[in-house]
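All heavy atoms count here, side chains included; hydrogens, waters and symmetry mates do not. Counting convention: from 1, in listed order, for ligands and their atoms alike.
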Amino acid sequence: MAGVSPLSEVEVNGKPVQELVENGIQFSNRYSWEDANYGVIDMSAPFAEIPVIDISRLINSSSPSAMGEELDKLRSALSSWGYFQAINHGIENSFLEEVREVAGQFFHLPMIEKQKYARETDQLDGYGNDMILFQNQTLDWNDRLFLSVSPENERKLKYWPENPQSFRRIMFEYTARIQQIERHLLKSMARSLNLEEDCFSKQCGQLALMVARFNYYPPCPRPDHVLGLKPHADGTTITILLQDEGVEGLQVMKDDQWFRVPIFPHALLVNVGDEIEIMSNGIFKSPVHKVLTNSKKERNTLAMFCAPERGKEIKPVGELINDKRPRLYKAVRDYNETYFNFYQQGKRPIDAVKI
Ligand SMILES: O=C(O)CCC(=O)C(=O)O
Ligand SMILES: [Fe+2]
């Protein structure tokens, strides 16, 4: 492998990080992250005490008091951290392993094979690197494969890897399983606020969207200067993340302080996105989070982003607006379409819809 090479902007633009690493290119200022608003990169930040929620107690608990307790925990988790670790979610660990395995296999294919699924300019779906929208934007040390997975007519199969062979079958199945969890969670979240259980899902519509994003973070020579993902909150209703089993990296901000998110074996990590913050009139918090890099190890995660149907208007639920808690957000539709414009400038799209 070649030594450290300086890099011109042209060489960096549009290249998967993995390709730079494989070519022995160690660093470029395009990846060097600095933003006084979001503090420094601190690899030894304290651990976040993210609540653990037992999904089986929310769904089919024979004891109403057990269910009530879990709903209380859920409300408290989502109105403080905006995150929880979901356990007993119904997906066997062996299947989670299969999902991780095909994801890892895809990113380890030769570049020429992965490029068959390359994202086209201005498209979301496909394999590629951080989307470049502004000249001076800091780039993420992250390659990704974006796939619209639901509803079925949104699937652009030309971007779905055929290698490994089981990739598509596994992702069809994983999507269906995650959708079940999403449905239960939206109901439980509404019930935890004493609302009609379908009040969030009705706003999402019959053709609610789901997008999978496979994140691949190659080892990075400058973890003290480079982020895997810049600070952001998700533009979703909720996000369901399959974390890497062995390599940490995710950090969440609470009360202006960064915390490390621990790995919880066999759990799915769920967070509120901006759209549920809006619908819940700010009671549930869409947390700002970022991803650090690791100098020795690569890291793989899979985020399943849930969002309302195209064109569907969302707004704060009427019952959550009163004299003590006035309405905080305007009605919005297709919230995620402008998301990356804000993201790449280090801004939060939710600020644009505040009243
Ligand atoms: O990779 C992670 O740990 C987090 C991923 C994430 O925040 C995202 O894809 O939006
Ligand atoms: Fe995120």
Closest heavy-atom approach to atom 2 (C) of ligand 1 among F305, F146, F214, Y217 is made by Y217

For atom 9 (O) of ligand 1, grab the closest protein heavy atom and report residue, atom and distance to one decimal in Å.
N215 ND2, 3.2 Å

Angle subtended at the Fe ion (ligand 2) by NE2 of H289 and OD1 of D234, to 10 degrees?
90°

Quick check with a 6.0 Å cut-off and a 45 degree axis cone: is K290 positioned over the face of W258's six-membered ring?
yes

Using a 4.0 Å cut-off to any heavy atom of H289, which atoms of ligand 1 qualify?
7 (O)

Min N/O separation Q243 to ligand 1 under 3.5 Å:
no

If you draw a 6.0 Å radius around NZ in K254, do more than 12 non-hydrogen atoms from other residues or ligands fall strictly inside?
yes

In terms of side-chain geometry, is the basic nitrogen of R57 or E69 positioned less than 4.0 Å from the acidic oxygen of its partner?
yes

Identity of the nearest option to atom 8 (C) of ligand 1, non-hydrogen atoms only, from T239, V291, L229:
L229

Is H232 close enough to touch ligand 1? Criterion: a residue heavy atom under 4.0 Å from a ligand atom.
yes

Among the N, O or S atoms of H232, which one sits nearest to the Fe ion (ligand 2)?
NE2

Salt-bridge present (R75, D72; N to O < 4.0 Å):
yes

State whether R177 and E173 are salt-bridged, where the test is any N-O pair (Lys NZ or Arg NE/NH1/NH2 against Asp/Glu carboxylate O) under 4.0 Å.
yes

Under 4.0 Å to a heavy atom of R299 - the qualifying atoms of ligand 1, by number:
1 (O), 2 (C), 3 (O)

Does D234 approach ligand 1 within less than 4.0 angstrom via side chain, backbone, both or neither, non-hydrogen atoms only?
side chain

In short, K312 meets G205 closest at the heavy-atom pair CE-CA, 3.6 Å

Do D244 and R100 meet the salt-bridge criterion of a basic N to acidic O distance under 4.0 Å?
no

